[in-house]
Each structure stands twice: as C-alpha cells, then as structure tokens.
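Comments concern the structure below.
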Amino acid sequence: MRPLTEEETKAVFEKLANYIGKNLVHLIDRDEDDAYCFRLHKDRVYYLPLPMLHLATSVARPNLISLGTCFGKFSKTGKFKLGITSLDWLAKYAKYKVWIKPSGELPFLYGNHVAKAHLGRITEDTPEHQGVVVYNMSDVPLGFGVTARSTIDTRKLDPTGIIVFHQADVGEFLRDEDTMF
C-alpha cells in the first residue's frame with residue numbers, strides 16, 4: 001500500500017470532482033482527530049482513516065486484501081473508474097442528485113440507463129454530462145451516473161429519452177460479486 005502519485009491523484013480528484021464538485025474539500029481537509037487519506041493497493045484506491053493506516057503497516061503487503069473504503073480502480077491504461085463501494089461518500093457530498101420513481105428502480109438496478117418516464121425529481125440547474133447520484137424516492141442512494149441532458153432539456157424530452165447514463169448501482173454487488181474484490 002502506497003500513497004498516490006501526482007498523476008494518480010489528479011485522475012482520482014478529477015473523477016470525484018465530477019460528482020461532488022467543491023465538496024471534495026470535505027474529503028481531504030478534515031480535523032486532526034478525523035484525518036483520512038487515499039492509498040493505492042493492487043491498482044485499487046482506498047480511502048481510510050489514518051489510525052487504520054498505521055495499524056495496517058504491521059500486515060505484509062501480500063497478506064493485505066482490502067483496507068478502508070475502496071473508491072475505485074485504475075485500468076491497465078491508467079484511467080480511473082469509480083466503484084460502487086464509493087457510493088456512501090459520493091451520496092454524502094453529492095452536488096447534483098436525481099430521484100427515480102419506484103417503477104424505475106429495478107431497471108436501474110439491473111444496469112439500465114434512467115429514462116424520463118422513470119424520473120421523479122432532479123436537482124435544479126444540473127448541467128449536461130455532469131456526475132449525479134441516483135436516489136429512490138425515499139432518499140436511499142441506488143447508484144450514480146452521468147446526465148445525458150441538462151435540467152432544462154429534460155423538460156422537452158419524450159418519456160423514452162435517456163436522462164442519466166448508468167455508471168454503477170448497488171445491484172453490482174450481486175451481479176459482479178466474483179470479480180468485485
């Protein structure tokens with residue numbers, strides 16, 4: 001487990017900034033008692049408290065499987081992909097949100113995009129191609145994605161038009177459990 005390099009940090013923060021914007025500061029600048037850090041282990045980026053990091057130094061690298069919250073992983077080409085395990089942190093600091101109707105929950109959890117017919121609410125002034133966290137109508141985070149249209153353009157769209165491109169959802173825990181960790 002090692003700290004992120006300059007390029008890796010830039011890639012991770014750019015991806016996170018797409019979803020949580022200026023709230024990224026809340027992940028980095030924390031109290032001394034509640035300090036967290038990002039670490040890389042086997043192409044995966046983990047977000048963990050400093051006391052846990054100090055305890056992990058006593059475990060040999062080959063024996064260490066996971067530590068803290070896995071935010072995502074780097075592909076072989078060096079691109080960073082956010083994982084569904086980061087949903088709790090994204091939902092806590094999300095700048096733009098989308099709520100879907102009960103009829104749209106299952107299609108989203110099966111990996112489909114969000115259509116306008118399934119849209120319950122959307123944060124005002126959401127721009128196009130912006131990262132959003134997808135909630136059900138009871139404010140439970142279901143996943144995240146990228147908007148296909150801005151808030152203004154969604155009003156003119158037909159019911160079958162795509163509003164949010166699917167990126168990840170909590171159904172992945174079941175679909176990809178063999179390859180997730």
Side-chain angles (χ1 to χ4, degrees), residues 4 7-30 34 36 38 44-47 69-75 77-176 180:
L4 299 173
E7 297 83 31
E8 292 167 343
T9 304
K10 184 178 178 197
V12 171
F13 286 174
E14 282 177 356
K15 186 66 79 162
L16 286 174
N18 190 31
Y19 289 91
I20 62 178
K22 293 180 180 176
N23 291 337
L24 182 62
V25 185
H26 298 298
L27 287 178
I28 302 163
D29 295 334
R30 299 175 72 103
D34 193 31
Y36 276 70
F38 287 95
R44 296 185 191 280
V45 176
Y46 293 94
Y47 185 63
T69 303
C70 181
F71 259 58
K73 64 186 243 180
F74 281 99
S75 65
T77 59
K79 296 191 186 217
F80 181 70
K81 183 179 184 229
L82 273 173
I84 189 60
T85 50
S86 66
L87 180 63
D88 290 337
W89 290 100
L90 291 178
K92 187 174 181 181
Y93 297 116
K95 188 173 181 184
Y96 299 106
K97 302 173 183 181
V98 170
W99 289 266
I100 55 176
K101 296 176 183 173
S103 60
E105 288 180 29
L106 248 110
F108 182 74
L109 293 177
Y110 282 132
N112 297 320
H113 303 306
V114 177
K116 185 182 179 195
H118 298 146
L119 184 68
R121 298 185 302 201
I122 187 168
T123 307
E124 284 298 318
D125 301 326
T126 304
E128 189 175 359
H129 305 300
Q130 177 66 45
V132 292
V133 175
V134 178
Y135 292 87
N136 66 5
M137 293 307 280
S138 303
D139 282 335
V140 176
L142 300 175
F144 53 89
V146 176
T147 56
R149 308 255 192 274
S150 66
T151 305
I152 297 164
D153 295 341
T154 59
R155 294 186 179 105
K156 301 179 242 174
L157 205 60
D158 64 293
T160 59
I162 295 174
I163 301 293
V164 177
F165 294 121
H166 176 273
Q167 297 285 317
D169 64 82
V170 292
E172 285 183 26
F173 284 118
L174 298 174
R175 292 193 308 267
D176 301 333
M180 189 168 275

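When reading the values below, keep in mind they use all heavy atoms of this one structure, side chains included, and skip hydrogens, waters and symmetry mates. The structure presented is a predicted model; accordingly, all values stated were derived computationally and were not measured.
Shortest non-hydrogen contact noted between G72 and F80 is C-CE1, 3.6 Å. Contact between Y96 and E124 at its shortest, heavy atoms only, is CE2-O, 4.3 Å. Among all heavy-atom pairs drawn from R30 and D34, the shortest one is NH2-OD2, 2.6 Å. For the residue pair L4 and V45, the shortest heavy atom distance occurs at CD2-CG2, 4.1 Å. Across L24 and I20, no two heavy atoms sit closer than the pair CA-CD1, 3.7 Å.
Atom-to-atom distance recorded for Y135:OH and L142:CG is 10.0 Å, nearest 0.5 angstrom. Taking CD1 from I122 and CZ from R155, the interatomic distance works out to 9.0 Å, rounded to the nearest 0.5 Å. For the atom pair CZ (R149) and OG1 (T154), the distance works out to 9.5 Å, reported to the nearest 0.5 Å. Rounded to the nearest 0.5 angstrom, K95 NZ and D125 CG are separated by 10.5 Å. Between atom CZ of residue R121 and atom CE of residue M137 there is a gap of 5.0 Å, rounded to the nearest 0.5 Å.
Partners of S150 under the side-chain hydrogen bond (donor to acceptor under 3.5 Å, both in side chains) rule, at least two apart in sequence or in another chain, are D153. With sequence neighbours left out, Y47 forms a ring-ring contact (aromatic ring centres under 6.0 Å, His included) with Y36, F38, F71, W89. For V134, the side chain to side chain contact (heavy atoms under 4.5 Å, CB included) partners two or more places apart in sequence, or in a different chain, are I100, F108, V164. Checked against side chain to side chain contact (heavy atoms under 4.5 Å, CB included), V146 has the following partners two or more places apart in sequence or in another chain: Y19, H129, Q167. Partners of L87 under the side chain to side chain contact (heavy atoms under 4.5 Å, CB included) rule, at least two apart in sequence or in another chain, are I84, V133, P141, F144, V170. Partners of S103 under the side chain to side chain contact (heavy atoms under 4.5 Å, CB included) rule, at least two apart in sequence or in another chain, are K101, H118. Remark: N23 pairs with no residue by the side-chain hydrogen bond (donor to acceptor under 3.5 Å, both in side chains) rule, at least two apart or across chains. Residues satisfying the side-chain hydrogen bond (donor to acceptor under 3.5 Å, both in side chains) criterion with T160, sequence neighbours excluded, are D158. Residues forming a side-chain hydrogen bond (donor to acceptor under 3.5 Å, both in side chains) with N18 (at least two apart in sequence, or on another chain): none. Taking E7 as the reference, nothing meets the salt bridge (Lys or Arg N to Asp or Glu O under 4.0 Å) condition, with sequence neighbours excluded. Remark: Y110 pairs with no residue by the ring-ring contact (aromatic ring centres under 6.0 Å, His included) rule, at least two apart or across chains.
More than 12 heavy atoms of other residues, nucleotides or ligands lie within 6.0 Å of CD1 in I28, so this atom counts as buried by the packing criterion.
Listed for the T126 side chain is no donor-acceptor partner under 3.5 Å among the backbone atoms of T151. The closest donor-acceptor contact from the side chain of K116 to the backbone of I163 lies at 3.5 Å or more, if one exists at all. When atom types are taken as modelled, the side chain of T69 and the backbone of T85 share no donor-acceptor pair closer than 3.5 angstrom.
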Could you list the donor-acceptor pairs under 3.5 angstrom formed by side chains in residues 10-17, with sequence neighbours left out?
none

